[in-house]
Amino acid sequence: MNSDNDRRFHHRRSRLRAALTAGALGAVLLVGGCGAAGDGASDAGGGSNDLSAGAQKGLVDEQYAPEGAAASAAPGDTAEEAEDDKQTEKAPKAGAAGSHVIRTAELLVEVKSAPKAAAAARSAVEASGGLVASENTERIDDRHESSNLVLRVPQDSYQEVLRKLAGSGKLLSRSSNAKDVTEQVVDVESRIATQRASVKRVRELMDKAEKITDVVALEGELSSRQADLESLLAQRSSLKDRTSLATITLELTEPDAPRKGGKDDDPGFLDALGGGWDAFVTMFRWIAVAIGASAPFLVTAALLLVLWRVLRARRTARTAPAPAPAAPKPEQETTPAP
């Protein structure tokens, strides 16, 4: 009897456990389904809200704020982005390739023949793998010429080419400068990576946008960010050009014509006579200039002096006393003759 009761009790207990387990599982599934539906609805509404908020705020990137962004770029330039990515991968890293230095130099050399020296300089630069950026030759007189060349040479051949150019004649002056721009190169590379990520985010938002207002706002923001990216790429190209090629400004002049007297450069009698004559002529020239400058004042003073004398003479004539009339002579009495 007791065993039957125990069996019934255990059987009911097992059913109760099964019912409780099934009810709990159903509640979990119900809650999960409701949560998924709610999340889907919130995601759908949140995506549109995010697009509107992004369009209103202008999607300003907190990590990078470029200065003076231009505005002209079309969305969807994936080919240009791929090309830029290839250039970025090929660009040498500052840590791997060492420092980035901009080198410039200026040379003033006196040579016997400026055209020949210019041709030799061109040959030396082209042999080193460089190029002639500009060249200007000027004829001073019938026998003398001068040349000015701007040369671009690789950094590895900079010192060697500089020595050759300085030794092509009599070196009159030399100046060189080296500017380390490693930090600037690293900064530009970092800003390019940040700007590309920003452009990518805007394009992803454009793909999700459904409203016309959101699309228009995102297109304007994409154009602005694409223009900023192109400006940074131009800066990187300029830095790469200036750090890979050094700039040398070479000025070539010819010496003055030799004197007939020989090698003695000390002044002689004829030089002293010529210098004295020049000083004499210069003195009379300055005297003539002084007289010419003071002539109007002298003429005016002379006219005033003459006018003053004339007025003084008239005033003196008016104030002078008139002469007294002469007294009549008494008549002499005539005595009759006896």
T243 side-chain N/O to K240 backbone N/O, donor-acceptor pair under 3.5 Å: yes
Any chance you could lay out the side chain to side chain contact (heavy atoms under 4.5 Å, CB included) test for S146 and T137, step after step, and finish with the verdict? CA-CA 6 Å; S146 66; T137 301; over 6 Å; no
Does I212, at its CD1 atom, have more than 12 non-hydrogen atoms belonging to other residues, nucleotides or ligands within less than 6.0 Å? no
For E254 against E145, the heavy-atom pair lying closest together: OE1-N, 3.2 Å
Starting from L151, can I reach V101 by hopping between I/L/V/M/F/W/Y residues whose side chains sit under 4.5 Å apart? no
Closest heavy-atom pair, K112 versus P255, reported as atoms and distance to 0.1 Å, is CA-CD, 4.4 Å
Are L222 and E219 packed together at the side-chain level, in the sense that at least one heavy-atom pair is separated by less than 4.5 angstrom? no
Look only at the side chain of S238 and the backbone of A234, and say whether a donor-acceptor pair between them is shorter than 3.5 Å. no
Donor-acceptor pairs are to be reported for all side-chain atoms of residues 276-299 against protein atoms at under 3.5 Å, with residues two or more places apart or in another chain.
{"from": "T282", "atom 1": "OG1", "to": "D278", "atom 2": "O", "distance (Å)": "2.6"}
{"from": "S294", "atom 1": "OG", "to": "A290", "atom 2": "O", "distance (Å)": "2.9"}
{"from": "S294", "atom 1": "OG", "to": "I291", "atom 2": "O", "distance (Å)": "3.3"}

Would a single hydrophobic cluster contain both L108 and L252, if residues Ile, Leu, Val, Met, Phe, Trp and Tyr are joined by side-chain heavy-atom contacts under 4.5 Å? no
So, D241 and R152, do they make that salt bridge, N to O below 4.0 Å? yes
Cluster overlap V109 with V161, hydrophobic side-chain contacts below 4.5 Å: yes
Roughly how far, to the nearest 0.5 Å, is CD of Q226 from OG of S231? 12.0 Å
T182-S99 side chain donor-acceptor pair, cut-off 3.5 Å: no
Min side-chain heavy-atom separation R103-N177 under 4.5 Å: no
State, yes or no, whether a side-chain contact exists between L229 and R196 at a heavy-atom distance under 4.5 Å. yes
Among residues at least two apart in sequence or on other chains, which ones pass salt bridge (Lys or Arg N to Asp or Glu O under 4.0 Å) with D156? none
Nearest heavy-atom pair of A166 and L107: which atoms, and what distance? N-CD1, 4.1 Å
Could you go step by step and tell me if R203 and D207 meet the salt bridge (charged side-chain N to carboxylate O under 4.0 Å, His left out) rule? CA-CA 6 Å; R203 285 178 175 169; D207 294 338; over 6 Å; no
Checking S168 side chain against L165 main chain: does a donor-acceptor pair fall under 3.5 Å? yes
Got a second to check how far L245's CG is from S157's OG, nearest 0.5 Å? 10.0 Å
Where the side chain of Q235 meets the backbone of E230, is there a donor-acceptor pair that is under 3.5 Å apart? no
Can you list every pair that meets salt bridge (Lys or Arg N to Asp or Glu O under 4.0 Å) and has a residue in residues 173-186, with sequence neighbours left out? none
Side-chain heavy-atom pair N136, S147 within 4.5 angstrom cut-off: no
V310/R315 under side chain to side chain contact (heavy atoms under 4.5 Å, CB included): CA gap, chis, key distance, verdict: CA-CA 9 Å; V310 171; R315 184 179 297 177; over 6 Å; no
Going from OG1 on T300 to CG on L305, what distance comes out if it is rounded to the nearest 0.5 angstrom? 12.5 Å
Listing request: all salt bridge (Lys or Arg N to Asp or Glu O under 4.0 Å) pairs with a residue in residues 161-173, at least two apart in sequence or in separate chains. E160-K164
Taking all heavy atoms of Y158 and all of I248, pick out the closest pair and write down the distance. CE1-CG1, 4.0 Å
Would a hydrophobic clustering, with Ile, Leu, Val, Met, Phe, Trp and Tyr connected at side-chain separations under 4.5 Å, put I192 with V181? yes
Interatomic distance, T253 atom OG1 to E138 atom CD [nearest 0.5 angstrom]: 12.0 Å
Do L149 and L171 share a hydrophobic cluster (ILVMFWY, side-chain heavy atoms under 4.5 Å, transitive)? yes
Step by step, would you call V186 with E189 a side chain to side chain contact (heavy atoms under 4.5 Å, CB included)? CA-CA 5 Å; V186 173; E189 292 291 346; 5.8 Å; no
Quick one: hydrophobic cluster around L307, which other residues, with the 4.5 Å side-chain cut-off, linked directly or via members? L311
Nearest-0.5 Å distance that lies between atom NZ in K208 and atom CG in L218: 12.0 Å
Do any side-chain atoms of residues 116-129 form donor-acceptor pairs under 3.5 angstrom with protein atoms, and if so which ones, sequence neighbours left out?
{"from": "R122", "atom 1": "NH1", "to": "E135", "atom 2": "OE1", "distance (Å)": "3.0"}
{"from": "R122", "atom 1": "NH1", "to": "E135", "atom 2": "OE2", "distance (Å)": "2.6"}
{"from": "S123", "atom 1": "OG", "to": "A119", "atom 2": "O", "distance (Å)": "3.1"}
{"from": "S128", "atom 1": "OG", "to": "V125", "atom 2": "O", "distance (Å)": "2.7"}

dist N148:CG -> E106:CD (nearest 0.5 Å) comes out at 9.5 Å
Do you know which two heavy atoms are closest between L162 and A105, and how far apart they sit? CD1-CB, 3.8 Å
